[in-house]
Asker: 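Got a structure for you, written out below as structure tokens; questions coming shortly.
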2 protein chains.
Amino acid sequence: MAYTSALTALADPTRRAVFERLRRGPVPVGVIAAGLPVSRPAVSQHLRVLKDAGLVCDEAVGARRLYAVDPRGVAELRAWLDRFWDQALDAFKAEVEGKPQPTKRKKSR
Amino acid sequence: MAYTSALTALADPTRRAVFERLRRGPVPVGVIAAGLPVSRPAVSQHLRVLKDAGLVCDEAVGARRLYAVDPRGVAELRAWLDRFWDQALDAFKAEVEGKPQPTKRKKSR
DNA sequence: CTGATGTGTAAGCCATAGCTTACGGTAAGT
DNA sequence: ACTTACCGTAAGCTATGGCTTACACATCAG
């Protein structure tokens with residue numbers, strides 16, 4: 001269940017800013033920190049959390065280190081949310097169509 | 001930007017447990033608290049946060065109050081994640097095509 | 001080899017957030 | 001009307017987490 005750590009990671013505003021900055025493409029740490037109101041070590045710590053959550057991957061390029069979004073982490077989060085979406089919609093539909101039973105599972109796809 | 005509060009809300013493990021309990025259908029507060037290792041007021045506070053984030057909606061039924069998942073909140077989160085997914089994939093593709101060996105990574109699925 | 005650049009890590013401070021107990025309010029049952 | 005059940009809110013305590021400064025290591029330029 002890696003989506004739990006992913007959600008925890010994306011909860012912090014600064015960390016979201018870091019992550020959204022990476023959306024445009026691979027960026028070194030210093031560049032990210034330059035566009036944010038926090039220090040560079042803070043960005044390093046945020047990247048550490050995002051990496052542990054499987055949301056970003058890094059690559060050493062000379063003295064620098066490029067960070068990029070890891071599509072796999074995003075995919076996991078999407079999968080969890082989609083599963084949630086389907087079940088919630090089924091429950092909602094059953095609720096609207098007259099309420100036979102609170103917890104009733106029709107069909108799942 | 002309601003997805004920010006949604007992500008913040010889903011970061012807490014207990015709050016995720018509350019939310020996932022609601023996935024099966026509308027449930028009163030007491031039932032949720034009975035299945036969790038926290039007190040009932042704690043669950044109330046969590047539901048408050050989830051409601052403010054647009055993830056759940058409530059309905060008074062007699063002395064009880066039923067909470068259910070609000071599909072709209074889930075949809076917003078999905079939209080944000082999908083937009084992220086597309087841009088991340090584009091950046092990843094451009095990175096692969098542009099440079100010979102940008103990042104050594106396999107395709108997951 | 002020396003200095004400069006880029007980065008990760010450790011220690012410490014402080015604000016935030018989650019939990020508990022206590023209380024007030026509304027609805028149903030007798 | 002009185003009692004019981006169910007729920008939300010307030011106040012307070014404590015732990016977690018994010019930020020900073022200081023330090024250590026690796027790489028490139030000269």
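The sequence lines fix the lettering, A, B, ..., with proteins before strands; numbering per chain opens at 1.
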Asker: How many Å lie between CG on D58(B) and C1' on dC7(D), as a whole number?
Answerer: 11 Å
Asker: Does R65(B) CZ have over 12 foreign heavy atoms under 6.0 Å away?
Answerer: yes
Asker: What is the distance, rounded to the nearest whole Å, between atom CZ of R64(B) and atom P of dG8(D)?
Answerer: 13 Å
Asker: Does R48(B) pair with D52(B) as a salt bridge, N-O distance under 4.0 Å?
Answerer: yes
Asker: How close or far is atom C1' of dT9(D) from atom CG of L47(B), stated in whole angstroms?
Answerer: 14 Å
Asker: Respond yes when some side-chain nitrogen or oxygen of S44(A) is under 4.0 Å from OP1 or OP2 of dT7(C), and no when none is.
Answerer: no
Asker: Rounding to an integer number of Å, can you tell me how far D52(A) CG sits from dG17(D) C1'?
Answerer: 15 Å
Asker: Any salt bridge linking D12(A) with R16(A)? Criterion: basic side-chain nitrogen under 4.0 Å from a carboxylate oxygen.
Answerer: no
Asker: Take atom CZ of R65(B) and atom P of dT26(C), then tell me their distance rounded to the nearest Å.
Answerer: 13 Å
Asker: Tell me: CD of E59(A) to P of dG8(C), nearest whole Å?
Answerer: 13 Å
Asker: With side-chain contact (heavy atoms from CB on, under 4.5 Å) as the criterion, how do R21(A) and V31(A) come out once you've worked through the C-alpha distance, each side chain's angles and the decisive distance to 0.1 Å?
Answerer: CA-CA 10 Å; R21(A) 177 63 184 84; V31(A) 175; 4.0 Å; yes
Asker: From CZ of R48(A) over to P of dG17(D), roughly how many Å is that when rounded to an integer?
Answerer: 15 Å
Asker: Tell me, for nucleotides 18-30 of chain D in 5' to 3' order, what letter each nucleotide earns: B for a base near a protein heavy atom under 4.0 Å, S for only sugar-phosphate near one, - for neither?
Answerer: SBBBB----SS--
Asker: How many Å lie between CG on L36(B) and P on dT20(C), as a whole number?
Answerer: 11 Å
Asker: Please examine the side chains of L7(B) and Y3(B), heavy atoms only from C-beta on, and report whether any two atoms are closer than 4.5 Å.
Answerer: yes
Asker: Below 4.0 angstrom from OP1 or OP2 of dG8(D), is there any side-chain N or O of Y67(B)?
Answerer: yes
Asker: Any non-hydrogen side-chain atom of D58(A) less than 4.5 Å from a side-chain atom of L66(A)?
Answerer: no
